[in-house]
Amino acid sequence: MKSFDVAVIGGGLLGCFTARSLCRYELKTLLIERQEDVCRGISRANSAIVYPGYDNKPGSLKAQMTVRANAYFDRLCDELDVEFIRRGSLLLSYDEDCDRVLEKKLRHGLENGVPELCIVSGEKAMELEPKLSTMPRTALYCPGTGTVNPWQLGIAAYENALQNGCEAMLGTSVLGIEKSNDSYIIKTEGEEISCKAVINCAGLYADKVREMLFPPELRIYPDASDFLVFDKCAPRPEMILFEERPKGKALTLVPTVEGNLLLESSLRELESADFAFKAERRAELVAQARAITDTVSEDNIIRSFGAVRPNLRYVKKVGNEYVPCDKDISSFALDRPEPGFLSLMGIKTPGLSCANELGIYAAKTMADYLSAGENKAFEPKRRGISRINKLSKQEREALISAEPDYADIICLCEGISRAEIKQAIARGAKDVEGVKRRLGTSMGACQGSRCNYAISKMLEVEK
Ligand SMILES: Cc1cc2nc3c(=O)[nH]c(=O)nc-3n(C[C@H](O)[C@H](O)[C@H](O)COP(=O)(O)OP(=O)(O)OC[C@H]3O[C@@H](n4cnc5c(N)ncnc54)[C@H](O)[C@@H]3O)c2cc1C
């Protein structure tokens, strides 16, 4: 039986960053992910925002982590060679009650130490974002709000963890966990693994993994968000826009690092387990969004999808059933029923922003428990794949003369070459989706109809 110091269950953003942070210590680490690739759960369908920290209760762990994470994000993305853009954000208020919500958020933000946060008039908001279609009453302006590609960030952390000695078992489901003396025995479809500590980062299934060893206490009750993606050729706002409504934050509009506009509506109740986007919602969402910016049009939608949020609640036993006994837990739930078992459970927004902070916290907790020393050889820098479409004409010519496959453009919408796709496959992409997540192929207007066949042929040869 293979043995490790720490096993991380789940290769989403949290698992990948936890694995990377564990490599900063003298610890033999294993990441176990049931999908064939990392970042295929919640981490691949979210709003891609790096939050500044005004939404969170002053003094809370969430507030502290978010503010710290936001301040560190440029450096983190520089280490991992991932694009990050501070677009700035406006939280828009269209009525008096919402003005008061903005004032409260301003107070919270200032207490939390969010820099340059202020409330601006409707006129000033229109000046900051000329693509607003209706003048708001007021807006909470935050220059530090940013955006990053979530799965590229997670994949970068994963690659950096591997580069620093972490081992990974992909395509492997954890089916059970047992305690044997001071060790945990992790059961999979294939082999059993022994480890001294477990960090449960199983996202929507973190409650199931916890229940492999402990009685039910916390359970995940999902709800859904709807997303629309607009063609990058269409006009769009430059800033991240949040709409405050009496029922809470309604629409969010994000100009992504790739240049598309992403629209999220988070007010959908989850009927049954079906979180797929309902086509009839398109027109309704576009009409809602046009009240904020009339750059949005149904004609420019290139993709729609639904995403699931892992709401966490305490449960109690009633008869033979466990039923929720409290409202959603809004703080970060870092559950540690015994010293060697830590769960990062029900981590919703801002889990992307705080993935590095949460990973640092989880790794330090287990390093202290196992009295592990620092790994002085840890290398935080990871180099991404050189991207032909980001280079100047001169740089492109130099790259093509060194590697002629850079001249063979396979993804015409996004300008991605055969050389880049070959590197993505060499780095672990096993299918068309894996190439897409590493490079952005099939994310343009044609959604893969022109390149996916060629990519699948390359996968047959290169894998
Ligand atoms: C709609 C939505 C919008 C969001 N927007 C933002 C945002 O703009 N900014 C922000 O900061 N945060 C945002 N978040 C939060 C952020 O996306 C999440 O906090 C983060 O992605 C959680 O990552 P994770 O690693 O916990 O989960 P996941 O990405 O789901 O990873 C869990 C992994 O565990 C694996 N797994 C499960 N069970 C097992 C098992 N038995 N064995 C092995 N592997 C297993 C799964 O396959 C999965 O890959 C948003 C979340 C949602 C839902």
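Ligands are counted one by one from 1 in listed order, and the atoms in each one are counted from 1 as well.
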Can any side-chain N or O of R34 pair as donor or acceptor with the backbone N or O of A202 at less than 3.5 Å?
no
Roughly how far, to the nearest 0.5 Å, is CE of M239 from CD of E129?
7.0 Å
If you measure from CG on L228 to CD1 on I302, what distance do you get to the nearest 0.5 Å?
11.0 Å
Closest to atom 33 (C) of ligand 1 (heavy atoms only, candidates K348, M345, E33) is E33
Heavy-atom nearest option to atom 32 (C) of ligand 1, drawn from A69, G41, C201
C201
Please check if the distance between the ring centroids of F214 and F341 is under 6.0 Å.
yes
Heavy-atom nearest neighbour in the protein, as seen from [atom], with distance rounded to 0.1 Å:
| atom | value |
| --- | --- |
| atom 6 (C) of ligand 1 | T349 OG1, 3.5 Å |
| atom 26 (O) of ligand 1 | L14 CD1, 3.4 Å |
| atom 27 (O) of ligand 1 | G203 CA, 3.6 Å |
| atom 30 (O) of ligand 1 | I42 N, 2.8 Å |
| atom 29 (O) of ligand 1 | S43 OG, 2.5 Å |
| atom 34 (O) of ligand 1 | G10 CA, 3.2 Å |
| atom 43 (C) of ligand 1 | R34 N, 3.4 Å |
| atom 19 (O) of ligand 1 | I347 O, 2.7 Å |

Do ligand 1 and [X] have nitrogen or oxygen atoms that lie under 3.5 Å from each other?
| X | value |
| --- | --- |
| Y205 | no |
| L204 | no |
| N46 | yes |
| V174 | yes |
| L352 | yes |
| S173 | no |

Establish, for the pair R303 and F230, whether the NZ or CZ atom is under 6.0 angstrom from the six-membered ring centre and no further than 45 degrees off its axis.
no
Does R437 make a cation-pi contact with W151 (under 6.0 Å, within 45 degrees of the axis)?
yes
Heavy-atom contact under 4.0 Å between T172 and ligand 1?
yes
[X]-[Y] side chain donor-acceptor pair, cut-off 3.5 Å:
| X | Y | result |
| --- | --- | --- |
| S47 | E264 | yes |
| D226 | S265 | no |
| E379 | N164 | no |
| Y72 | E79 | yes |
| S343 | N200 | yes |
| R20 | N160 | yes |
| R86 | N70 | yes |

Give the atom numbers and elements of ligand 1 that come within less than 4.0 Å of a heavy atom of [X].
| X | answer |
| --- | --- |
| V308 | 53 (C) |
| G351 | 10 (C), 11 (O), 12 (N), 15 (C), 19 (O) |
| I49 | 7 (C), 8 (O), 9 (N), 10 (C), 11 (O) |
| L13 | 21 (O), 25 (O) |
| S353 | 10 (C), 11 (O) |
| S225 | 1 (C) |
| P350 | 10 (C), 11 (O), 12 (N) |
| Q35 | 47 (O) |

Quick look: A355 vs ligand 1, heavy-atom contacts under 4.0 Å, and the answer is neither
Please list every donor-acceptor pair under 3.5 Å in which a side-chain atom of residues 2-12 meets a protein atom from a residue at least two apart or in another chain.
{"unit_1": "D5", "atom_1": "OD1", "unit_2": "K196", "atom_2": "NZ", "d": "2.9"}
{"unit_1": "D5", "atom_1": "OD2", "unit_2": "K28", "atom_2": "N", "d": "2.6"}

What residues, two or more places apart in sequence or in another chain, satisfy salt bridge (charged side-chain N to carboxylate O under 4.0 Å, His left out) together with E159?
R382, R427
